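Take a look at this one; I'll ask things after.
Here is the naming used below: chain letters follow the sequence lines, and residue numbers restart at 1 for every chain. These numbers come from a predicted model, not from an experiment.
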Amino acid sequence: MLKVYNTATRAKETFTPIESDHVKMYVCGPTVYNYVHIGNARPVVVFDTLFRVLNCLFKQVTYARNITDIDDKIMKAAKEQGISIAALTAHYADEYVKDMAQLNALSPTISPKATDHVGDMIAMVEALIANGHAYEADKHVLFDVKSMDDYGKLSNRSLEDMLEGARVEVASYKKYAGDFVLWKPSSEDEPGWDSPWGRGRPGWHLECSAMIENHLGDTIDIHGGGRDLIFPHHENELAQSQCAHNGKQYVKYWMHNGFINVDGEKMSKSLGNFKTVRDLLGKFHGEAIRFALLSGQYRSELDFSAELLNQAKASLDALYGALLNSPAPVQALSDEQRNQSAVFAALLDDLNTPLAISELHKLSKELNKFPENADLKSELVGMAELMGLLQQEPDTWFQGEESDTSWIEDLIAQRNQAKLDKNYARADEIREELKAKGIILLDSKEGTSWRKE
RNA sequence: GGCGCGAUAGCAAAGCGGUUAUGCUCUGGAUUGCAAAUCCAGCUAGGCCGGUUCGACUCCGGCUCGCGCCUCCA
């Protein structure tokens, strides 16, 4: 039985999908105008893990992760670079997909783009105007938050409280300071779409509502994203969708991941202290980055550092080491084996990945003691797969994918001869020579193998 | 000002009212021509002050410190 923490109720709940054999999940993806940072990667890895677990439990899972390809930051970046927003976003959306694949994230079932759904958005705005939840003012269309009783419930705040802390000037055309933009006008040189309110573009929150309605329906099971999206993004999405659908429930379980911090502070594009996934991939295995992201429970903050990544790498070395030393075959796990695994139990408890990883370590220790045990090895590999870990060949993990390793083999052969000749000085010399090039030699009864540092 | 989160050993990070979390690091031992890997043993915990309890890291209250949202943000 899967339990998830629901932001809406502020409690851990048993997960029961609306349709018993079809789960619908939507996760907010990135705005593509640059390489994504590691903070963008956390929800991807977290909800990818949830996607894998859900696939074990339910017959069908539809997982949508959007690409935001229209937005003022995109417009600014495109203008600066003198290219179209379509060219800019197509490029960075591709790079995003590449980066996420390096983190072993499976492809979502669908990856809808905002610009493909402008018609849906316009239709939703029309519906909101028609039923009295939105109004047109000065070429804008605004959502009337006072027309909704429960506005603020998701983020647990009252309208008065919110406005008290507001640090932004209120636009004069708003009936009420808390009203938010559904549609805004575009100038001649800005991207825009024709609409009943003139040429313009959608407000930020609208795309998710429209894409969910189009692809998944009025009500979905899980909506995920970073904590910072709770307000205003998800609160406003909820308001729009619910009001456009006569009060019908929008989302059953809201799930939000905590932040990635750097030196104890939130990492963000606006603070400029962010690290791109691309840069990190130049220094660390994608799998080590993924491991680091899963080393903390998803709702907690996670301080991202080289130390964390080094520890992740060392831990993976230990796990892959156990696989390398085991000659046993890996078999597919039965449902029963999976259900009995402590790793699975940890994941079912609101994705307790740190606990799940500790269980992986326990399995690897046992496997080191009993390398022939195929059940142990199969459980280790099969359960790690649910977290997107330990899926490459141990040799590949330790040696990389270098094409020509014959020079290493040559030196090992030379050293073996030196050892036979009892010329240990020469043998040690070769060891040092390889170590200087980042190659570690491991002698065993079966012979000498090597790995990268 | 409103709302919320956190504080666990050198680092990272969980569960749990009483029984070894776990990993990395470090120390000692086994093993090894050397080294690594592995195994065994060990070392550092629960911000502070009270309360409840036979017993609290775990429950309750207060305090201190740190962080987040209220503005584009994963």
Item to check | Heavy-atom side-chain proximity of A/Met387 to A/Leu360 below 4.5 angstrom | outcome: yes
Checklist entry - Considering only the C1' atoms, how many Å lie between B/U27 and B/A9, rounded to the nearest integer? => result 16 Å
Item to check | Euclidean distance for P, B/G46 against B/C11 (whole angstrom) | outcome: 13 Å
Next on the checklist: Tell me which residues in residues 364-386 of chain A lie within less than 4.0 Å of RNA chain B, going by non-hydrogen atoms.
Outcome noted: A/Lys365, A/Asn368, A/Lys369
Item to check | Whole-Å gap separating P (B/A74) and NE2 (A/His234) | outcome: 10 Å
Checklist entry - A/Arg65 near the nucleic acid: base, sugar-phosphate alone, or nothing, with a heavy-atom cut-off under 4.0 Å? => result nothing
Checklist entry - Can you tell me how far C1' in B/U25 sits from the matching atom in B/G42, rounded to whole Å? => result 14 Å
Next on the checklist: Any base atoms under 4.0 Å from A/His233, or only sugar-phosphate, or nothing? Heavy atoms, all strands.
Outcome noted: nothing
Checklist entry - Looking only at atom P, what distance separates B/A30 and B/A14, rounded to whole Å? => result 37 Å
Checklist entry - Per the atom types in the model, does the base of B/G33 pair as donor or acceptor with the side chain of A/Asp428 at under 3.5 Å? => result yes
Item to check | Test item: A/Arg42 side-chain N/O and A/Phe259 main-chain N/O as donor-acceptor pair under 3.5 Å | outcome: yes
Next on the checklist: Should the side chain of A/Arg157 and the base of B/G1 be counted as holding a donor-acceptor pair, with the cut-off at 3.5 Å?
Outcome noted: no
Checklist entry - Considering residues at least two apart in sequence or located in another chain, which fulfil the side chain to side chain donor-acceptor pair (under 3.5 Å) criterion with A/Ser326? => result none
Item to check | Euclidean distance for P, B/G62 against B/C24 (whole angstrom) | outcome: 41 Å
Item to check | Whichever of A/Ser295 and A/Gly226 has its nearest RNA chain B nucleotide further upstream toward 5' | outcome: A/Ser295
Item to check | Residue whose closest nucleotide on RNA chain B lies nearer the 5' end, A/Arg10 versus A/His361 | outcome: A/Arg10
Item to check | Pairing string, 5' to 3', for RNA chain B - Watson-Crick or wobble contacts under 3.5 Å, brackets [ ] where pairs cross, | to another strand | outcome: (((((((..(((.....[...))).(((((.......)))))....(((((..]....))))))))))))....
Item to check | Nearest-angstrom distance from the residue atom CD of A/Glu432 to P of B/G33 | outcome: 18 Å
Item to check | Check: A/Gln391 side chain, A/Val381 main-chain N or O, donor-acceptor pair, under 3.5 Å | outcome: yes
Item to check | Value in whole Å for how far the C1' atom of B/C70 lies from NZ of A/Lys153 | outcome: 20 Å
Item to check | Pairwise P distance for B/G15 and B/G47, with rounding to whole Å | outcome: 15 Å
Checklist entry - How would you label the contact of A/Phe231 with the nucleic acid (heavy atoms, under 4.0 Å): base, sugar-phosphate, or nothing? => result sugar-phosphate
Next on the checklist: Taking any heavy-atom pair under 4.0 Å as a contact, classify A/Lys435: base, sugar-phosphate, or nothing.
Outcome noted: nothing
Next on the checklist: Taking the P atom in each of B/U20 and B/U32, what is the distance between them to the nearest angstrom?
Outcome noted: 33 Å
Next on the checklist: So A/Asp349, base contact, sugar-phosphate only, or nothing? Heavy-atom distance under 4.0 Å.
Outcome noted: nothing
Checklist entry - Within the structure shown, what part of the strands sits under 4.0 Å from A/Glu307 by heavy-atom distance: base, sugar-phosphate, or nothing? => result sugar-phosphate
Next on the checklist: Measure CD/A/Glu359 against P/B/A13 and give the value in whole Å, please.
Outcome noted: 18 Å
Next on the checklist: Using whole Å, what does the distance between atom P of nucleotide B/A35 and atom CD1 of A/Ile430 come to?
Outcome noted: 18 Å
Next on the checklist: Quiz question: going by heavy-atom distance under 3.5 Å, is there a donor-acceptor pair between the base of B/C67 and the side chain of A/Glu301?
Outcome noted: no
Checklist entry - Just how far, in rounded Å, is P of B/C3 from CG of A/Asp228? => result 21 Å
Next on the checklist: Could you tell me how far apart A/Asn261 (CG) and B/A13 (P) are, to the nearest whole angstrom?
Outcome noted: 10 Å
Checklist entry - Base, sugar-phosphate, or nothing: which does A/Gly321 touch, judged by heavy atoms less than 4.0 Å apart? => result nothing
Checklist outcome for this item: Taken to the nearest whole Å, CE/A/Met267 to P/B/C72 is 19 Å
Checklist entry - Using atom P of each nucleotide, how far apart are B/G61 and B/G6 to the nearest Å? => result 14 Å
Checklist entry - Does the B/C34 base have a donor-acceptor partner in the side chain of A/Arg431 within less than 3.5 Å? => result yes
Checklist entry - Looking for any heavy atom pair under 4.0 Å, which part of the strands does A/Asp71 touch: base, sugar-phosphate only, or nothing? => result nothing
Checklist entry - Just to confirm, is there a sub-4.0 Å distance from OP1 or OP2 of B/C69 to any side-chain nitrogen or oxygen of A/Lys266? => result yes
Next on the checklist: Whether A/Arg65 engages the ring of A/Phe47 as a cation-pi pair (distance to the six-membered ring centre under 6.0 angstrom, angle to the ring normal within 45°) should be assessed.
Outcome noted: no
Checklist entry - Under 4.0 angstrom, heavy atoms only, what part of the nucleic acid is A/Arg42 near: base, sugar-phosphate, or nothing? => result nothing
Checklist entry - Base, sugar-phosphate, or nothing: which does A/Lys73 touch, judged by heavy atoms less than 4.0 Å apart? => result sugar-phosphate
